[in-house]
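The structure appears below as structure tokens.
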Amino acid sequence: MKWQIGDVTVTKIVEIETTGGSRFILPDATPEAIRPISWLIPHFADENGRLKMSIHALLVEAPGRRIIVDTCLGNDKKDRRIPTWNDRSGPFLEDLTAAGFAPETIDTVLCTHLHVDHVGWNTRLVDGKWVPTFPKARYLFGRIEYEHWTTQTARPDQHPVIADSVKPIFDLGLADLVELDHQICPEIRLMPSTGHSPGHASVLISSKGKRAMITGDFAHHPCQFAHPEWASSADYDKKAGEATRRRILAELAGEPVLMIGTHFAGPTAGHVVRDGEAFKLVV
């Protein structure tokens, strides 16, 4: 899937897409609660009220730049809480290359935050060692986010996600710590969207009068447009997460800004409109 925003192109490369099994991340989204939200069906939920979700990367091409936003789960990783996220051997890199984005052509890796399903392909396993998947890229990590994850334990190198997907990048001097409003290039900048994690950022794209946003995880699923109060079980600060959702959705409602969801399945992108006291995503 591909979207054009002025001179910027965004391409979606899927690692996993699933239907159902999402209650661990959105416990309020029961089938009984989802079925009445008719606009979610069929793109974002099935007729039985089971959510459709995706783990994918977004490749952003701007003039002179090739940026990958969030790098999914990765292969060969261990010690993940979700059993099926361990010891993966999926074809993500092959799919990425087939779409025209060979790893060595990427100049920037951007992680909206440092959760397991957003950093996995930062590295790959070669001869028993974790090495950068994108060897010619600078890796951008939010300073607040990085400091949180590396100061919450006396031995951050023993945190499995940091140890195998973040630390090797710093060890080779390929990482840059950036602020929540960092300007990556003239067309692309970060925007604070904290709550899901302490230093979470979304991505704003603006080119030739066209605008788009890559969500990150301030909303895991469009059902949270209908119920902004529905928190993710992975939210660091649930009240702040709800406040962020309400603020961003209210700002974008009715605006010509294409919202591209980091975990939204199917069509993935659409426009926010008001729906009574809440919101919906129109694709």
Side-chain angles (χ1 to χ4, degrees), residues 13-16 18 22 24-26 53-58 68-90 92-93 96 103 106 108-126 128-135 137-178 180 190 193-203 214-218 220 232-237 241 262-263:
I13 307 294
V14 175
E15 185 177 43
I16 302 174
T18 61
S22 52
F24 77 95
I25 196 71
L26 289 170
M53 297 189 73
S54 175
I55 297 176
H56 52 255
L58 293 164
I68 184 169
V69 179
D70 290 333
T71 62
C72 306
L73 290 165
N75 282 353
D76 304 304
K77 307 288 173 157
K78 298 184 183 297
D79 301 316
R80 287 6 185 189
R81 293 181 182 178
I82 309 302
T84 56
W85 292 3
N86 288 290
D87 298 306
R88 288 186 46 78
S89 58
F92 179 81
L93 281 189
L96 194 68
I106 303 300
T108 306
V109 177
L110 170 63
C111 298
T112 60
H113 60 299
L114 298 185
H115 285 171
V116 56
D117 52 330
H118 296 261
V119 300
W121 278 109
N122 284 357
T123 59
R124 58 192 181 94
L125 193 62
V126 177
K129 182 179 179 181
W130 296 109
V131 302
T133 302
F134 307 97
R138 298 300 301 179
Y139 286 69
L140 307 185
F141 302 104
R143 178 184 59 80
I144 294 171
E145 186 80 358
Y146 176 76
E147 289 175 354
H148 168 76
W149 288 106
T150 55
T151 59
Q152 67 170 351
T153 174
R155 290 292 305 277
D157 58 310
Q158 291 184 349
H159 187 294
V161 176
I162 298 298
D164 60 37
S165 298
V166 177
K167 188 175 183 293
I169 305 303
F170 278 85
D171 290 346
L172 290 174
L174 298 178
D176 295 319
L177 295 179
V178 300
L180 285 172
L190 302 184
S193 50
T194 55
H196 179 61
S197 67
H200 186 281
S202 300
V203 183
I214 295 173
T215 61
D217 281 4
F218 84 80
H220 276 82
S232 161
S233 59
D235 283 352
Y236 170 77
D237 185 331
T262 298
H263 287 302

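- To the nearest 0.5 Å, atoms OG1 (Thr194) and CG (Asp237) are separated by 8.0 Å.
- Evaluation of the ring-ring contact (aromatic ring centres under 6.0 Å, His included) rule for Phe170 yields Phe141, Tyr146 as partners, not counting sequence neighbours.
- In terms of modelled atom types and a separation under 3.5 Å, the side chain of Asn122 and the main chain of Thr71 share no donor-acceptor contact.
- Across Leu114 and Trp149, no two heavy atoms sit closer than the pair CB-CD1, 3.7 Å.
- Under the 3.5 Å distance criterion, the side-chain polar atoms of Tyr139 are left unmatched by any main-chain donor or acceptor of Ile169.
- Partners of Asp79 according to the side chain to side chain contact (heavy atoms under 4.5 Å, CB included) rule, which considers only residues two or more places apart in sequence or in another chain, are Pro160.
- In this structure, Asn75 contributes its side chain and Gly90 its backbone to a donor-acceptor pair below 3.5 Å.
- The structure places CG of Leu110 at 6.5 Å from CG of Asp70, a figure rounded to the nearest 0.5 Å.
- Here the closest heavy-atom approach between residue Ala137 and residue Thr108 is recorded as CB-N, 3.8 Å.
- Here the closest heavy-atom approach between residue Leu174 and residue Pro132 is recorded as CD1-CG, 3.6 Å.
- A search for side chain to side chain contact (heavy atoms under 4.5 Å, CB included) contacts involving Pro168 returns Thr123, Trp130, not counting sequence neighbours.
- Of all the heavy atoms in Cys111 and Val119, the pair that sits closest is SG-CG1, 3.9 Å.
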Next item on the list: Kindly determine whether Phe92 and Thr133 satisfy side-chain contact (heavy atoms from CB on, under 4.5 Å), including the steps that lead there.
Entry: CA-CA 12 Å; Phe92 179 81; Thr133 302; over 6 Å; no
Note to self: Walk me through whether Lys77 and Asn86 qualify under side-chain contact (heavy atoms from CB on, under 4.5 Å).
What the structure shows: CA-CA 5 Å; Lys77 307 288 173 157; Asn86 288 290; 5.7 Å; no
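- Residues that satisfy the side chain to side chain contact (heavy atoms under 4.5 Å, CB included) test with Val131, not counting sequence neighbours, are Arg124, Val126, Lys129.
- Residues meeting the salt bridge (charged side-chain N to carboxylate O under 4.0 Å, His left out) test with Lys78, sequence neighbours left out: Asp87.
- Side-chain atoms of Arg138 never come within 3.5 Å of backbone atoms of Val109 as a donor-acceptor pair (strictly under, hydrogens ignored).
- A donor-acceptor pair under 3.5 Å is absent between the side-chain atoms of Ser193 and the main chain of Phe218, judged by distance alone.
- Between Pro103 and Pro135, the shortest heavy-atom distance links the atoms O-CD, 4.3 Å.
- In this view, Phe134 satisfies the ring-ring contact (aromatic ring centres under 6.0 Å, His included) rule with no residue, not counting sequence neighbours.
- In this structure, OG on Ser202 lies 9.0 Å from CG on Leu190, to the nearest 0.5 angstrom.
- One distance of note links CG of Asp117 with CZ of Arg80; it measures 10.0 Å at 0.5 Å rounding.
- His113 and Asp217 share a side-chain donor-acceptor pair at under 3.5 Å.
- Side chain of His56 to backbone of Glu15: no donor-acceptor contact under 3.5 angstrom is found.
- Taking the six-membered ring for Trp and the full ring otherwise, the centers of Tyr236 and His200 sit at least 6.0 Å from each other.
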Checklist line | From CA spacing to verdict: side-chain contact (heavy atoms from CB on, under 4.5 Å), Ser197, His148 | finding: CA-CA 9 Å; Ser197 67; His148 168 76; over 6 Å; no
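- Atom NE2 of His263 and atom NE2 of His118 lie 3.0 Å apart (nearest 0.5 Å).
- A distance of 10.5 Å separates NE2 in His159 from OG in Ser165, rounded to the nearest 0.5 Å.
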Note to self: Pair Met53, Ile25 - check side-chain contact (heavy atoms from CB on, under 4.5 Å), show working.
What the structure shows: CA-CA 11 Å; Met53 297 189 73; Ile25 196 71; 4.2 Å; yes
